[in-house]
Amino acid sequence: MDARRCIGSGMCVLTADEVFDQDADGRAVVLRPEPPAATRDAVRAAVELCPAAAIGLSTDR
């Protein structure tokens, strides 16, 4: 998550609310840096839907 790029659209929260939230300024924050496997598809969708490309996935894990 690159908070500097976040424009506060909230698409990540709408798509994966177990993993993302928004702070008082409306910028996305990561609630669970290592989300459970059950949320994997939602997180991938959040990455694809982010209009600012502020979210990325690491495949290191």
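One is the number of the first residue; the rest follow in order along the sequence. Reckoned from all heavy atoms, side chains included, excluding hydrogens, waters and symmetry mates.
Taken to the nearest 0.5 Å, the OG atom of Ser9 stands 7.5 Å off from the CD atom of Gln22. If you take OG1 on Thr15 and CD1 on Ile55, they are separated by 8.5 Å, rounding to the nearest 0.5 Å. Between Cys50 atom SG and Met1 atom CE the span is 6.5 Å, to the nearest 0.5 Å.
Contact between Gly56 and Val47 at its shortest, heavy atoms only, is C-CG2, 4.4 Å. In terms of heavy-atom proximity, Arg32 sits nearest to Pro35 at O-CD, 3.3 Å. Between Cys12 and Ala46 the shortest heavy-atom distance is CA-CB, 3.9 Å.
Residues Leu57 and Arg44 form a side-chain contact, since some pair of their non-hydrogen atoms from C-beta on lies under 4.5 Å apart.
In the hydrophobic cluster analysis, where Ile, Leu, Val, Met, Phe, Trp and Tyr join through side-chain heavy atoms closer than 4.5 angstrom, Phe20 is grouped apart from Met11.
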Kindly indicate, with the supporting measurements, whether the criterion side chain to side chain contact (heavy atoms under 4.5 Å, CB included) is fulfilled by Val19 and Leu31. CA-CA 5 Å; Val19 179; Leu31 299 175; 5.8 Å; no

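For the salt bridge (charged side-chain N to carboxylate O under 4.0 Å, His left out) condition, the pairs that include at least one residue of residues 4-13, sequence neighbours left out, are Asp2-Arg4.
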